[in-house]
Amino acid sequence: MKKETKNKNTFERVYEIVKKIPVGKITTYGQIAHLLGNPHLSQVVGFALHSNPSQSTIPCHRVVNRFGALAEAFVFGGINEQRVLLENEGIKFLENGYVDLKQHMWYGD
DNA sequence: TTAATGACCTATC
DNA sequence: CGATAGGCCATTA
């Protein structure tokens with residue numbers, strides 16, 4: 001017996017939010033978790049992207065940690081690849097290799 | 001099946 | 001002020 005089918009899990013919630021990120025902007029796991037209602041869901045957010053069931057649909061490269069640094073573990077072909085992707089969208093990187101959160105930090109809608 | 005981990009963040013001592 | 005532990009959800013072994 002299945003339970004309710006329209007039960008939207010937090011996972012899908014994360015996907016919806018990540019997919020809603022406008023081009024040229026980025027967000028952090030904590031921000032998404034906060035939008036979900038629990039700031040501690042940040043772990044789930046990272047896991048959602050890790051599973052990446054819709055890698056082609058979910059711009060994981062737009063999601064960075066709270067420091068504005070990209071997760072070196074999730075880079076598909078190298079951190080450089082991600083930097084190029086973000087720069088291609090108009091995101092500027094700092095000399096330290098971090099993203100300028102003050103410039104592209106996206107706060108939900 | 002149970003158990004433990006994980007691309008994290010926040011709160012507390 | 002600095003460091004530590006906890007927490008939440010789903011996936012994987």
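Lettering of chains follows the sequences in order, A, B, ..., and the numbering in each one begins at 1.
- Ile32(A) has its CD1 atom 13 Å from the P atom of dT10(B), to the nearest Å.
- The aromatic rings of His50(A) and Phe47(A) sit parallel to each other, their planes meeting at less than 30°, with 60° as the upper class boundary.
- Taking each heavy atom of Trp106(A) and Pro22(A) in turn, the nearest pair found is NE1-CD, 3.3 Å.
- Taking each heavy atom of Gly90(A) and His104(A) in turn, the nearest pair found is O-CE1, 3.5 Å.
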Quick one, give me the B/S/- string for nucleotides 7-13 of chain C, reading 5' to 3', where B means a protein heavy atom under 4.0 Å from the base and S means that only happens at the primed atoms, P, OP1 or OP2. BBBB---
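- In summary, Glu89(A) and Arg62(A) engage in a salt bridge, as defined by a charged side-chain N under 4.0 Å from a carboxylate O.
- One N or O on the side chain of Asn65(A) and one on the backbone of Gly68(A) form a donor-acceptor pair closer than 3.5 Å.
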